[in-house]
Amino acid sequence: MAALSADASAAARILAAIRDVPHGAVAGYGQIARRAGLPGRARMVARLLAGNDDPTLPWHRILRSDGRIAFPPASKGHREQARRLRAEGVVVANGRVRMPRSDHEDLDAALWGPEGA
DNA sequence: GAAATGACGCGTT
DNA sequence: GAACGCGCCATTT
């Protein structure tokens, strides 16, 4: 069958990685792509979220590498995402989220699982 | 097939 | 920390 996307399996892996983010945790586009086994495809993650039809997908947990919300500060999506993050206990200040710049593999676990890991 | 667009990332200023 | 520029990937025109 014709491949409407670049790689259906790749998309599935990305979605799986996003779903793998626990409640109260956040991750970056590049980080998700990397976890999905697709380094450098951060934009592909964004594209999937932009066209996601899955309301159960925790898209609000996906932020930029700087820890900032991808949407413009005046955008509705930005407000929606910030609201949802706060509802999960994530501290959002000035459209910014506490994000560890040094992603050590050991600390990486803490990023994904603040409760466990 | 080339140019333009987009929920990105990183280095530099 | 903010602003600017360049690079990368995938889809659309």
Side-chain angles (χ1 to χ4, degrees):
Chain A
M1 61 135 239
L4 293 131
S5 307
D7 281 308
S9 53
R13 280 196 293 272
I14 292 170
L15 292 171
I18 295 171
R19 282 178 186 274
D20 202 23
V21 180
H23 176 96
V26 293
Y29 294 88
Q31 192 123 24
I32 291 291
R34 191 168 178 178
R35 196 181 170 90
L38 305 163
R41 273 87 176 158
R43 285 203 102 151
M44 192 176 173
V45 178
R47 183 144 260 298
L48 263 96
L49 286 171
N52 82 39
D53 278 353
D54 200 331
T56 62
L57 190 75
W59 59 271
H60 55 272
R61 291 183 196 153
I62 312 304
L63 308 165
R64 276 206 177 153
S65 61
D66 296 340
R68 272 200 204 160
I69 298 178
F71 286 96
S75 190
K76 193 176 181 179
H78 174 271
R79 233 168 65 175
E80 177 94 10
Q81 188 166 10
R83 192 179 91 78
R84 274 189 117 166
L85 287 170
R86 282 190 176 181
E88 293 193 351
V90 180
V91 181
V92 183
N94 201 13
R96 203 181 206 162
V97 181
R98 291 299 236 161
M99 189 83 144
R101 273 181 272 190
S102 309
D103 42 32
H104 291 277
E105 295 301 325
D106 297 343
L107 257 68
D108 191 43
L111 174 76
W112 296 89
E115 309 186 14

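Chain A is the first sequence line, chain B the second, and so forth, proteins listed ahead of strands; every chain is numbered from 1. None of the values given here were measured: they were computed from a predicted structure.
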Does A:Arg68 have a side-chain nitrogen or oxygen under 4.0 Å from the phosphate oxygens OP1 or OP2 of B:dA7? no

Under 4.0 Å from OP1 or OP2 of B:dA7: is there any side-chain N or O of A:Ser75 that close? no

Rounded off to whole Å, could you give me the [atom1]-to-[atom2] distance for the [X] and [N] pair?
X	N	atom1	atom2	answer
A:Ile69	B:dC8	CD1	P	12 Å
A:Arg34	C:dC8	CZ	P	18 Å
A:Gln31	B:dA7	CD	P	21 Å
A:Leu49	C:dT11	CG	P	15 Å
A:Lys76	B:dA7	NZ	C1'	16 Å
A:Ile32	B:dA7	CD1	C1'	13 Å
A:Asp66	C:dA2	CG	C1'	11 Å
A:Tyr29	C:dA10	OH	C1'	16 Å

Heavy-atom nearest pair, A:Ala42 first then A:Ala33, reads N-CB, 4.0 Å

So, for A:Arg68 and A:Leu63, which heavy atoms are closest and what is the spacing to 0.1 Å?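 Heavy atoms only, the tightest pair is O-CB, 3.7 Å.
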
Applying a 4.0 Å non-hydrogen cut-off, can you work out what A:Arg47 is touching in the nucleic acid: base, sugar-phosphate, or nothing? sugar-phosphate

Quick one: which of [options] gets closest to the side chain of [X]?
X	options	value
A:Met44	B:dC10, C:dA10, B:dC8	C:dA10
A:Ala42	B:dG9, C:dT11, B:dA7	B:dG9
A:Arg41	B:dG9, B:dA7, C:dA10	C:dA10
A:Phe71	C:dT11, C:dC8, B:dA7	B:dA7
A:Arg96	B:dA7, B:dC8, C:dA2	C:dA2
A:Asn52	C:dT11, B:dA7, B:dC8	B:dA7

Is there a donor-acceptor pair closer than 3.5 Å between any side-chain N or O of A:Gln81 and the backbone N or O of A:Ile62? yes

Quick one: do the A:Thr56 and A:Asp54 side chains pair a donor with an acceptor below 3.5 Å? yes

Is the number of heavy atoms from other residues, nucleotides or ligands under 6.0 Å of A:Arg19 CZ greater than 12? yes

